[in-house]
Amino acid sequence: MGAAVLALSACGGTASAGRDPAGPAATTVADSERAPVAHGAAEQAAGGSTGTPRCGAAELKPSVAVDQGAAGNVYYDLALTNTGAAACALKGYPGVSLIQRDGSTVGVPAEREGPAGPAVTLAPGRAAHVTLHTVNRGVSDAGCWGRHDLLKIYPPGSTDPLTLRDGQVRVCGDMFTVTTTRSAAG
C-alpha cells in the first residue's frame, strides 16, 4: 500500500500540540496503556527495555494521505514524524477522532484494528505510520458521517493531542478503525 505521505505545507494544513481541556476521553486508548506525559516532553520509555524515550506530542508532526483501497474499503496512511533533535519511540495505537473547529466530535473515535506491534524507534525526521480504515460510500446502509475540519490524534501513551487540518478522511458505513504503529507505510 505504498502511499505518499503529504507534507502539511503542501495541503495547507497545520498541526498543533496542546492540552485538551476535555481530556483524552474521546479516544479508544485504554487507561492501562495511557501514561501521563509532561507537556512537551518524552519522559517514559515506549519500547520496554529499549530505553528510548517515548515520543511526546511536541516532538511529532502528523500528516495524512489516501492509501490504496480494495473491494469497497478505503485506507488512509497517517504518519507521525519525529521533529525532535533525538530519537524517540512509539508503541501502540494512537487515539484518533474527527472534530469540528468548535471542538465537537463527528462520529465516534477510531476503534483498534489488528494485533499490537513492537515499539517503533524514530530517528529525527523519520515517521511511524498507522492505517485508518473505513468503507466506501454505499457499501453499508449506515451512510457516511458528516464532514469534519480536523483530525485529533493522541500519540500512543500521550494525553496531549495533536490536531491536523484535514479534508480527505471521509468515514462511511459506521466503520472507523486504526492500526498499531509501524515503521513503514503500507
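This chain uses plain numbering: 1 for the first residue, then up along the sequence.
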Does Y75 offer a backbone N or O that forms a donor-acceptor pair with the side chain of D67 under 3.5 Å?
no
Output for pair (K61 NZ, L164 CG), nearest 0.5 Å, gives 10.0 Å
Parallel, tilted or perpendicular for F176 and W145, by the 30°/60° rule? perpendicular
Q. Just wondering, do L78 and H129 contact through their side chains at under 4.5 Å, heavy atoms?
A. no
Notebook entry, point to check: With side chains defined as the heavy atoms from C-beta onward, is the minimum distance between P115 and T180 less than 4.5 Å?
Noted result: no
Problem - Side-chain H-bond candidate by donor/acceptor type, Q100 with H148, under 3.5 Å - result: no
Closest heavy-atom pair, T181 versus P156, reported as atoms and distance to 0.1 Å, is CG2-CG, 3.9 Å
When you measure from the side chain of Y154 to the backbone of L162, do you find a donor-acceptor pair of N or O atoms at a distance under 3.5 Å? no
**Asked** Are side-chain heavy atoms of L150 and D166 found at a separation under 4.5 Å?
**Response** no
Heavy atoms, side chains only, cut-off 4.5 Å: are V96 and L132 in contact? yes
Here the gap from E111 atom CD to M175 atom CE, rounded to the nearest 0.5 Å, amounts to 9.0 Å
OG (S158) and CD1 (I153) are apart, to the nearest 0.5 Å, by 11.5 Å
Checklist entry - Counting only heavy atoms not in R126, do more than 12 fall under 6.0 Å of its CZ? => result no
Exercise. With the side chain counted from C-beta on, respond yes when D149 and I99 share a heavy-atom pair under 4.5 Å apart, and no when they do not.
Key: no
Given the rule that I, L, V, M, F, W and Y join up when any side-chain heavy atoms are under 4.5 Å apart, are V74 and V178 in one cluster? yes
**Message:** Quick check against the 3.5 Å criterion: does R54 have a side-chain atom that pairs as donor or acceptor with the backbone of C88?
**Reply:** no
### Query
Is a donor on one side and an acceptor on the other found under 3.5 Å between the side chain of T177 and the backbone of A110?
no
Between T131 and R182, the two heavy atoms sitting closest are OG1-NH2, 2.9 Å
* To do: Side-chain contact test, heavy atoms from C-beta onward, threshold under 4.5 Å: evaluate it for V169 versus V64 and give yes or no.
  => yes
Would a 4.5 Å heavy-atom cut-off, applied to side chains only, mark L60 and T81 as touching?
-> no
